[in-house]
Each structure stands twice: as C-alpha cells, then as structure tokens.
Amino acid sequence: MIRLSNKRKAPVYNFFNILLWMLLAGGCIGFIVDKIRFNILDEKSCFLIIVPIVLLIVIYLHGKQIFEYDSEGEAVHFRNRSITSFLNKPQSDEFPKYKLVKFEMISFLFFRRLYVTILSKNSGTTTLTYEISYLTRKQVSDLKTSLNKIIRANKEKRHQE
C-alpha cells in the first residue's frame with residue numbers, strides 16, 4: 001500500500017510558530033513602551049497583543065501539524081503530533097487492517113479531520129480522530145484511496161466468510 005508523511009515540513013511549521021511567538025513578545029513590549037512613554041497609538045495599541053494572540057489561537061485550533069500514515073504490511077499505522085509537544089500529546093495508533101470498518105473526512109473552512117472507525121473487542125467499534133489540516137490535496141486524495149482499498153478488501157473477505 002502506501003506511506004504518507006508531511007514530516008519534512010516540520011521546520012517550516014516551527015519557523016512560523018517561532019515567528020508568531022516573537023510577534024507576540026514584540027507586541028507586548030511595544031504595547032508597554034507605547035503606554036508608558038509615547039502614547040501614540042492610544043486605544044489601538046491593544047492590537048499589538050490581540051493580533052498575534054488570535055493568530056496563535058488559529059494555529060492551535062488548526063490542529064496537529066505532523067501526520068504520518070503507513071499501510072504497508074498487515075497493519076495500519078497512524079501517527080499525529082504537534083511541533084509544540086507541550087500543547088498536544090502525540091497520538092499513535094496501530095491496528096490490523098481487518099479491523100478497519102470505515103472512515104470519514106470532515107472539512108470545515110480550513111480545518112480537516114479524519115475519523116476512522118475500527119472493530120473493538122469490548123464495545124463493538126471505536127472511532128479514532130486525526131487532524132489532517134496540514135496535508136496537501138494530493139496527500140488527502142492518496143489517503144482516501146488507500147483507506148478505500150483496505151475497506152473494500154475487508155468487505156470482500158467478510159462477504160466470502
């Protein structure tokens with residue numbers, strides 16, 4: 001099957017993350033200096049802090065940046081992590097291909113999520129969630145194709161039994 005990863009783009013994501021934190025620090029310093037010394041911006045000086053905070057919140061809500069998928073062999077492996085590991089803990093799941101029941105991709109504005117339903121011994125089925133907002137369209141298409149192949153093969157095996 002396929003391997004899919006956007007791990008190579010981690011330095012780019014890290015650069016923008018550091019840049020936003022530096023903008024926030026500079027905005028805080030600019031706000032304090034403007035209030036104490038110059039008072040040029042009046043009420044508009046709060047935007048020096050608000051804009052970087054809003055951008056950081058959007059980046060955080062956008063999801064974990066690094067997504068890895070491997071369907072080679074008898075197991076399917078999903079790995080989802082953030083470049084800022086102190087904000088989100090990494091998620092790693094590996095299970096046999098025959099347990100994959102269905103998947104669903106949801107897109108809203110610039111947020112994308114992958115919901116994977118697998119068979120579970122205890123509760124029947126379990127749904128796993130992965131954040132795939134940082135994948136390219138081609139990577140999303142390849143992921144859909146691969147998951148559809150696995151599901152189709154599983155349905156054929158269940159139908160034969």
Side-chain angles (χ1 to χ4, degrees), residues 1-32 45-151 154:
M1 293 288 182
I2 69 164
R3 283 188 175 167
L4 182 90
S5 175
N6 65 343
K7 192 172 22 174
R8 288 188 198 158
K9 294 183 181 179
V12 174
Y13 304 140
N14 203 18
F15 170 77
F16 283 111
N17 192 33
I18 290 171
L19 184 67
L20 283 174
W21 281 106
M22 289 174 60
L23 279 173
L24 179 62
C28 290
I29 292 169
F31 176 79
I32 293 169
S45 63
C46 63
F47 287 110
L48 294 172
I49 297 173
I50 292 173
V51 171
I53 287 176
V54 168
L55 290 173
L56 281 168
I57 289 171
V58 168
I59 294 289
Y60 177 75
L61 291 176
H62 203 219
K64 298 173 183 170
Q65 293 88 357
I66 308 301
F67 179 79
E68 298 174 69
Y69 167 77
D70 183 7
S71 65
E72 293 179 356
E74 291 298 316
V76 180
H77 186 92
F78 290 94
R79 190 163 179 225
N80 207 188
R81 65 183 174 88
S82 178
I83 56 169
T84 54
S85 59
F86 63 90
L87 292 176
N88 297 322
K89 71 176 195 174
Q91 179 182 5
S92 182
D93 298 307
E94 186 171 358
F95 50 86
K97 287 182 181 179
Y98 69 86
K99 287 191 172 193
L100 184 63
V101 176
K102 66 177 181 174
F103 75 95
E104 184 179 5
M105 289 187 185
I106 305 235
S107 296
F108 178 72
L109 296 175
F110 50 91
F111 302 105
R112 262 191 248 141
R113 300 286 186 266
L114 171 66
Y115 296 96
V116 177
T117 304
I118 61 172
L119 293 174
S120 173
K121 289 180 182 178
N122 301 335
S123 61
T125 60
T126 302
T127 302
L128 306 170
T129 304
Y130 304 100
E131 298 162 349
I132 58 171
S133 299
Y134 288 90
L135 293 181
T136 63
R137 287 183 184 176
K138 182 180 180 342
Q139 289 173 325
V140 170
S141 174
D142 291 345
L143 180 61
K144 281 182 183 179
T145 304
S146 177
L147 291 172
N148 279 326
K149 282 182 185 178
I150 294 170
I151 290 172
N154 288 344

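As a basis for the values below, the full set of heavy atoms in this structure was taken, side chains included, without hydrogen atoms, waters or symmetry mates.
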Are any of the side-chain heavy atoms of Y13 and I59 separated by less than 4.5 Å? no
Once you measure the plane-to-plane angle for Y69 and F78, does it fall in the parallel (<30°), tilted (30-60°) or perpendicular (>60°) bin? tilted
Residue pair S92 / H77, side-chain heavy-atom distance below 4.5 Å: yes
Quick one: are L20 and L23 in side-chain contact, heavy atoms under 4.5 Å? yes
Using the salt bridge (Lys or Arg N to Asp or Glu O under 4.0 Å) definition, which of the options R79, R3, K7 pairs with D70? R3
Using 0.5 Å steps for rounding, measure from the CD atom of E104 to the CZ atom of R113. 13.5 Å
Do T125 side-chain atoms and T117 backbone N/O form a donor-acceptor pair below 3.5 Å? no
Return the set of residues passing side-chain hydrogen bond (donor to acceptor under 3.5 Å, both in side chains) with N80 (not counting sequence neighbours), or none when no residue passes. none
So do E74 and Y98 actually touch side chain to side chain, heavy atoms under 4.5 Å? no
Does a side-chain heavy-atom distance below 4.5 Å link K9 with T136? yes
Can any side-chain N or O of R112 pair as donor or acceptor with the backbone N or O of L135 at less than 3.5 Å? yes
Across all chains, not counting sequence neighbours, the salt bridge (Lys or Arg N to Asp or Glu O under 4.0 Å) partners of D142 are K138
Check the pair R81 / E68 against side chain to side chain contact (heavy atoms under 4.5 Å, CB included), numbers first and verdict last. CA-CA 9 Å; R81 65 183 174 88; E68 298 174 69; 4.2 Å; yes
Does the N148 side chain pair with the main chain of K144, one donor and one acceptor, at a distance under 3.5 Å? yes
Backbone N or O of K89 within a donor-acceptor pair of the K64 side chain at under 3.5 Å? yes
Short side-chain to backbone donor-acceptor contact, K97 and S71, under 3.5 Å: yes
With a cut-off of 6.0 Å (strictly less than), are more than 12 heavy atoms of other residues, nucleotides or ligands near CD of E94? yes
Roughly how far, to the nearest 0.5 Å, is the OH atom of Y60 from the OG atom of S82? 8.5 Å
With rounding to the nearest 0.5 Å, note down the distance linking CD1 in I151 to CG in L100. 4.5 Å
Roughly how far, to the nearest 0.5 Å, is the CG atom of L56 from the CG atom of L61? 11.0 Å
Heavy-atom donor-acceptor pair, N6 side chain to Q65 backbone, under 3.5 Å: yes
Check this for me: F111, atom CZ, are more than 12 non-hydrogen atoms of other residues, nucleotides or ligands nearer than 6.0 Å? yes
Output for pair (L48 CG, I53 CD1), nearest 0.5 Å, gives 11.0 Å
Here the gap from I118 atom CD1 to F95 atom CZ, rounded to the nearest 0.5 Å, amounts to 5.0 Å
